[in-house]
Amino acid sequence: MSSLKFWVPGTAGPGSTLDRENQESIVQSAPAFASLSIHNQRERLPIFKHRQKLLYAVEKCGVMIVVGQTGSGKTTQLPQYLMEAGWTSEGNIIACTQPRRVAATSVANRVATEVGSLLGDEVGYTIRFEDVSDKQRTRILYMTDGMLFRETLVDPLLSRYSVIMLDEAHERSLYTDLLLGVLKKIRRKRPSLRLIVSSATLDAAAFLDYFTSNATPDDATIVSLEGRMFSVQVFYLREPAPDYVTAAATTAFEINSKHGPGDILIFLTGREDIDRCLEELSEIIPRSSPRIALRPLHAGLSTEEQLAVFEPAEPGTRKVIVSTNIAEASVTISGIKFVVDSCFVKIRVYNPTTGLASLVTVPTSVASATQRAGRAGRTSPGICYRLCTQQAFNLLPHSTPPEITRTDMTTPILQLKSLGIDNLMKFEWVSAPPAESILRALETLFAAGMVGEDGRLTPTGQKVAECPVEVGIARMLFSSKEFQCGEEILTIAAMCSIQDVFIIPDGAPGALAELERRKFTAEEGDHLTLLNVYNAFTRYGKSSSWCKNHALSFRALSRAISIRAQLKKYMQRFNLPLESCQGDAKRLRKCLVSGYWRNGARWVGDGTFKSVRGNRTMYVHPTSVLFTRKPRSGWVVFHEMEETKKTQIRIITEIESEWLLDYGHKYEDKRGNGTAVG
DNA sequence: TCAGGGGGG
């Protein structure tokens with residue numbers, strides 16, 4: 001095996017392989033603190049040195065940008081300082097948003113312990129399906145950004161909060177961006193509201209600019225906090241590697257041969273890369289010393305398989321975790337001393353002109369690579385090997401484009417309109433979505449009957465804005481009254497909102513799993529197949545062992561149960577009956593067409609379909625029951641279309657072509673240029 | 001013909 005030549009910045013001559021000299025620290029070394037598991041006892045991180053400064057800044061400035069690296073204590077300590085300083089008097093609440101559910105729950109748990117409160121009493125959390133807070137007593141509330149954004153639909157001034165902290169704002173999640181825009185507006189009407197935006201260094205100035213434009217110049221400030229990380233040496237390739245998967249395997253092997261104990265975390269782009277890397281590594285294992293234990297990590301794994309990455313390897317064995325981006329922020333594994341970064345990531349990009357989402361592999365950003373490197377320095381000093389040259393690294397963008405610029409804006413715009421924000425061109429976006437994206441969203445909302453000729457929400461649009469589903473699904477829910485199939489459509493809506501229902505592993509177990517999946521097949525297509533799966537799951541007691549025996553994801557199906565229960569409440573509120581179609585699949589399929597009226601397709605004979613809109617060639621996704629079968633009528637509707645290696649459609653149901661005219665075209669016809677079939 | 005970056009409501 002040829003070894004890769006790495007070097008570190010600052011070395012003049014050629015560096016030896018895995019050169020340990022002349023290190024570049026990306027994170028300043030800070031005093032090592034003991035672990036933060038404290039019971040009913042306050043312990044301050046270095047943040048306490050800045051306590052007065054922070055409180056002064058919050059009091060004097062409307063907006064405070066906090067720059068604090070991992071371990072600075074901003075998330076856990078800052079809300080406590082604010083509570084002690086009186087920001088929760090008179091029933092006021094301090095909110096702290098997180099882009100992820102696990103973060104909201106785990107941080108709330110920790111802070112409740114530090115404060116000496118029961119979780120859900122003085123300190124609580126709110127995520128979808130779980131409100132562990134007390135309406136009267138909770139003073140510090142951790143929540144997902146999506147939940148706080150939803151709250152604006154009910155209380156547009158967010159009047160119960162005195163301070164709102166948007167944590168991890170540099171990640172630029174869709175709802176954090178929407179909240180930034182809405183909160184800037186709210187602060188004009190309610191200047192007493194304080195806003196804290198926590199960000200990484202690179203984005204702090206941009207946030208400051210955003211809040212100081214069109215406002216009083218001294219209205220915002222930046223405060224920096226010390227991190228609590230160990231130093232991480234960063235190495236770059238001397239020459240570009242032709243194949244980053246092989247390079248990753250080679251690097252892991254060399255680390256294993258030349259370095260002392262410590263687990264290795266490899267960042268690759270997807271399951272295909274991961275499997276190949278594992279294969280290459282397993283060929284090396286017999287020659288490897290110490291022994292290595294290989295662990296894949298990606299979202300498609302079952303809960304059990306994911307938990308395996310947390311189990312310590314046997315003594316004398318080094319754990320090598322080969323992961324997607326899931327390990328960058330969502331999953332934290334302790335004991336990692338070495339990070340191998342391919343410097344690539346897969347992201348979803350939405351093309352507003354075609355309405356097509358694609359999954360593309362792109363170079364990571366500097367922010368993302370820094371975060372990945374930091375995974376090596378959580379418990380001790382670490383080393384990060386970037387599988388690119390430093391010259392290439394210097395060309396990387398500072399950050400990944402915000403989600404709001406690369407996603408379908410239909411639902412967000414419906415929600416903004418529900419807030420009374422009708423002039424979207426005047427809305428102060430932190431990063432504006434492409435104009436075509438806004439236009440397409442408006443056009444979709446108009447065609448769906450959610451927005452009227454005047455650009456304002458229709459009564460249905462107002463209702464749908466509150467409902468946590470896409471507009472097509474919402475339309476199905478509403479027209480289920482006409483087709484008398486609310487019971488079944490409700491289940492289908494929930495099942496379409498979850499991912500990875502079937503767990504199909506590689507190799508021989510995968511073939512068995514395929515056989516299991518066929519047991520649920522409905523000849524009409526995937527929607528009825530999903531309905532069968534859900535009904536069987538509930539019939540057999542919602543058991544995890546039953547799921548395991550039938551190659552189904554217990555996690556996903558449990559989620560479907562929760563989503564269905566939530567949507568059921570909306571249906572009751574909107575006076576939509578929960579009738580069963582009594583096995584009349586035709587009614588059910590007509591109802592599907594009313595939601596998917598723009599997603600019609602025609603079979604063209606070679607196994608592919610042509611889209612009704614745009615006449616695009618589309619391939620059936622291999623997970624569809626129609627993958628191997630021609631629809632008798634020749635016509636289908638589909639739930640979504642995505643471009644990977646080719647354009648694929650997922651969750652497909654056979655229909656009659658005239659249904660597209662009967663149940664789909666009425667809204668488009670109003671515009672005079674719509675064609676439902678053609 | 002053969003497939004799944006990661007989140008959120």
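Within every chain, numbering begins at 1; the chains are lettered A, B, ... in the order of the sequence lines, protein sequences first and strands thereafter. Just so we're clear, the structure is a prediction, and the values are computed from it rather than from any experiment.
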From CD of A:Q415 across to P of B:dG8 the rounded distance in Å is 16 Å

Roughly, in whole Å, what's the span from CD in A:E151 to C1' in B:dG8? 16 Å

Separation of A:D145 atom CG from B:dG9 atom C1', in whole Å? 10 Å

Could you name each residue pair satisfying salt bridge (charged side-chain N to carboxylate O under 4.0 Å, His left out) that touches residues 357-373 of chain A, not counting sequence neighbours? A:E328-A:R372, A:D341-A:R372

For A:Y350, ring-ring contact (aromatic ring centres under 6.0 Å, His included) partners two or more places apart: none

Could you state the CG-P distance from A:D408 to B:dG8, rounded to the nearest angstrom? 19 Å

Based on the glycosidic angle (syn within 90° of 0, else anti), state the conformation of B:dG5. anti

If I take atom CD in residue A:E470 and atom P in nucleotide B:dG9, what distance separates them, rounded to the nearest angstrom? 15 Å

Salt-bridge criterion met for A:R276 and A:E279 (N-O under 4.0 Å): no

If I take atom CG in residue A:L153 and atom P in nucleotide B:dG9, what distance separates them, rounded to the nearest angstrom? 14 Å

Where protein sits on nucleotides 2-7 of chain B, one letter per nucleotide: B base, S sugar-phosphate only, - none, heavy atoms under 4.0 Å: SBBBBB

Contacts satisfying salt bridge (charged side-chain N to carboxylate O under 4.0 Å, His left out) that involve residues 168-178 of chain A (not counting sequence neighbours) are A:R100-A:E171, A:R172-A:D177

Report which part of the nucleic acid A:V620 touches: base, sugar-phosphate, or nothing (heavy-atom distance under 4.0 Å, all strands). nothing

All side-chain hydrogen bond (donor to acceptor under 3.5 Å, both in side chains) counterparts of A:R375, not counting sequence neighbours: A:T332

Partners passing side-chain hydrogen bond (donor to acceptor under 3.5 Å, both in side chains) against A:E466 (at least two apart in sequence or in another chain): A:R573

Between atom CZ in A:F129 and atom P in B:dG8, what is the gap in whole Å? 11 Å

